[in-house]
Protein chains: 2
Amino acid sequence: MYPKKYEIVKVSVDPVIFTIQQGRIKVLLQRREKEPFKGLPELPGGLLLAHETGEETLQRKLQEIISDGTIFFTQFYTFTQPDRDPRERTVSIGFVALVNEQKIKSWNNWVDTQELTELAFDHLKIIQAARTFLKENSGPSLIRHFLPSYFPLNQLQEVYELLESKKYDNRNFRKKMISSGLVEETKKIEKEVSHRPAKLFRFV
Amino acid sequence: MYPKKYEIVKVSVDPVIFTIQQGRIKVLLQRREKEPFKGLPELPGGLLLAHETGEETLQRKLQEIISDGTIFFTQFYTFTQPDRDPRERTVSIGFVALVNEQKIKSWNNWVDTQELTELAFDHLKIIQAARTFLKENSGPSLIRHFLPSYFPLNQLQEVYELLESKKYDNRNFRKKMISSGLVEETKKIEKEVSHRPAKLFRFV
DNA sequence: CCAAAAGTGTTAGTAGTACACCCATGA
DNA sequence: TCATGGGTGTACTACTAACACTTTTGG
């Protein structure tokens, strides 16, 4: 059987960074500066350096991009198609990262997931896989990262509805959330809105 | 910022192959033939070859080991600790694979997950992560792979109880399974048992 | 006839679903 | 006073949970 040709590869870390703004799910992309795929949008990933775990590489990349080290992320799949990078073989560890919109300064590079066009490499496929992961794992432990610390219940409902592509009855949703014990009412209320201000809740 | 030292690594695929026998969860290990960790048990993994996806590498390994190409498997996590292989950097893509006991010819290399001793590399950690994955994702789509095509409902219940470490009420469990529409009664019955033979069910 | 595991029904409680109107605020 | 989104209760249905005895087979 031997000898076999063991593949020596580079490893990249590709974060699909999601946020929700104005009822739309958006991802952060950057414009690719080099060939191949020069000029096309790509995920803001990077290669693994010596002595770094994948999680550390990601953390370093997130600092460069968002300069806020407290972003939630989790691995979801590793992409190994031999020809996914035309130059040399690169395995990509896919991460999902979640940011709430208040942490975002500029909306320049955020693209609606429903309006994605041609992307570099297999990044479209990676984003779709990330979106599927998000849908299949929607639950308080992920969803909370889309929201600020204090939020109205209706905003929480909107996030659920978006991620799961379904509607909830407002009264039943509220009852369930409150009785679940995962969220609690606070004394804060919404401000500067031209309608009845909402009570703000937080995760316990 | 540049130049940076991009890490060039090998990629291995490490399957945690589970089965259930005599009410115990077991994993397949092999004895390591080379240094480092010579003589210790290890996962039956292998390195990625040129032109292979991780899934193809795994398929090839499974053929070598079990000679039955119809084994269910799924990725669960990629391990990137820089020093996890003391020789050279190796990233490991962890897979969970599930086999039903009837496909197993020899029980030589199967070890009870509760009796694991010192293993090569970080393979103990990988097995524990796989076990957690299994617990968190227990459901018909995974559990069915532990069972033969035709099985008694009580055996299905045992599998659930083992993986989730909890007990179900026998009557309620049966009602739920049958009314779920995921399993159906067949005309086959258990044979050569010294007690009332069970009706056999199958997944639809 | 004994041992061993298979199989079965009813009731009470809990959780989910459907549904329509009034409330508080700013403009 | 109007427009906008916030906030509430009740009745019905469906699922979950608790619980003990009879049945079928081989030895």
Side-chain angles (χ1 to χ4, degrees), chain A residues 20-24 100-102 138-140 143 146-204, chain B residues 20-24 101-102 138-140 143 146-203:
Chain A
I20 290 176
Q21 188 214 20
Q22 294 174 346
R24 316 249 68 186
N100 95 60
E101 61 167 324
Q102 305 200 345
S138 74
I143 280 181
F146 283 114
L147 296 165
S149 320
Y150 296 88
F151 54 86
L153 277 186
N154 289 352
Q155 194 183 337
L156 181 60
Q157 184 180 344
E158 280 165 31
V159 175
Y160 267 95
E161 290 179 340
L162 253 178
L163 292 181
E164 299 175 359
S165 318
K166 70 178 204 185
K167 293 285 172 192
Y168 286 94
D169 175 272
N170 182 249
R171 278 175 287 193
N172 295 335
F173 182 85
R174 293 169 154 268
K175 264 181 292 181
K176 200 170 93 175
M177 281 302 146
I178 292 166
S179 70
S180 76
L182 291 167
V183 296
E184 63 180 12
E185 196 178 323
T186 68
K187 281 166 191 161
K188 297 180 191 281
I189 55 162
E190 210 179 6
K191 289 203 169 115
E192 295 165 25
V193 286
S194 72
H195 54 77
R196 176 172 175 178
K199 292 176 189 168
L200 299 181
F201 287 71
R202 68 172 165 216
F203 284 97
V204 291
Chain B
I20 290 175
Q21 188 215 20
Q22 295 174 344
R24 316 250 68 185
E101 60 166 325
Q102 304 200 344
S138 73
I143 279 181
F146 283 115
L147 296 165
S149 323
Y150 295 88
F151 54 87
L153 276 187
N154 289 353
Q155 194 183 338
L156 180 60
Q157 183 179 342
E158 280 165 30
V159 174
Y160 268 95
E161 289 179 341
L162 253 178
L163 293 181
E164 300 175 0
S165 319
K166 70 177 203 187
K167 293 287 173 191
Y168 287 94
D169 175 272
N170 183 251
R171 279 174 288 193
N172 294 334
F173 182 85
R174 292 167 155 268
K175 265 180 291 183
K176 200 169 92 174
M177 281 300 146
I178 292 166
S179 71
S180 76
L182 291 167
V183 296
E184 63 180 11
E185 196 178 323
T186 68
K187 281 168 191 161
K188 297 181 192 281
I189 54 163
E190 210 178 6
K191 290 205 168 113
E192 294 165 24
V193 286
S194 73
H195 56 76
R196 176 172 176 178
K199 292 177 189 168
L200 298 182
F201 287 72
R202 68 172 165 217
F203 284 97

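All values below were derived from every heavy atom in this structure, side-chain atoms included, with hydrogens, water molecules and symmetry-related copies excluded. By convention in this document, chain letters (A, B, ...) are assigned in the order of the sequence lines, proteins followed by strands, and residues within each chain are numbered from 1.
Across the protein-nucleic acid pair, A:Asn170 atom CG and C:dA18 atom P stand 14 Å apart, rounded to whole Å. Between the CD1 atom of A:Ile189 and the P atom of D:dG6 there is a distance of 13 Å, given to the nearest Å. If you measure from atom CZ of B:Phe151 to atom P of C:dA6, you get 14 Å, rounded to the nearest angstrom. Atom CG in A:Leu153 sits roughly 10 Å away from atom C1' in D:dG7 (whole-Å rounding). In this structure, the CD atom of B:Glu190 is 13 Å from the C1' atom of C:dG7, given to the nearest Å. In this structure, NZ of A:Lys166 is placed 11 Å from P of C:dG16, rounded to the nearest angstrom. Here D:dG6 presents its P atom at 14 Å from CD1 of A:Ile178, a figure rounded to the nearest Å. One can place CZ of A:Arg196 at 9 Å from C1' of C:dT25, the figure rounded to the nearest angstrom.
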Query - Worked verdict on B:Leu162 versus B:Glu158 for side chain to side chain contact (heavy atoms under 4.5 Å, CB included) - result: CA-CA 6 Å; B:Leu162 253 178; B:Glu158 280 165 30; 5.9 Å; no

Query raised in the report: Can you list the steps and then say if B:Leu156 with B:Phe201 is a side chain to side chain contact (heavy atoms under 4.5 Å, CB included)?
Result: CA-CA 9 Å; B:Leu156 180 60; B:Phe201 287 72; over 6 Å; no

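Of the possible polar contacts, none joining the B:Glu190 side chain to the B:Pro197 backbone as a donor-acceptor pair under 3.5 Å is found. Between the side chain of B:Gln157 and the backbone N or O of B:Tyr168 there is at least one donor-acceptor pair closer than 3.5 Å.
In this structure, the nucleotide among C:dA24, C:dT8, D:dC19 sitting nearest to the side chain of B:Arg174 is C:dT8. Between C:dG26, C:dG7, D:dC19, one nucleotide has an atom nearer to the side chain of A:Ser194 than all others, and that is C:dG26.
For an aromatic pair to be called close, the ring centres must be under 6.0 Å apart, and B:Phe151 with B:Phe203 satisfies this.
Residue-to-nucleotide proximity on DNA chain C shows that, of B:Asp169 and B:Pro152, the 5′-proximal contact is made by B:Pro152.
A donor-acceptor contact under 3.5 Å is formed by the side chain of B:Asn172 with the base of D:dA18. Donor-acceptor pairing under 3.5 Å, judged by distance alone, is present between the side chain of A:Lys175 and the base of D:dT10. Below the 3.5 angstrom threshold, one finds a donor paired with an acceptor across the side chain of A:Arg171 and the base of C:dA20. Taking only distance into account, the side chain of B:Asn154 never meets the base of C:dA5 through a donor-acceptor pair shorter than 3.5 Å.
Contact annotation: B:Lys199 side-chain N/O to C:dT8 OP1/OP2 distance is under 4.0 Å.
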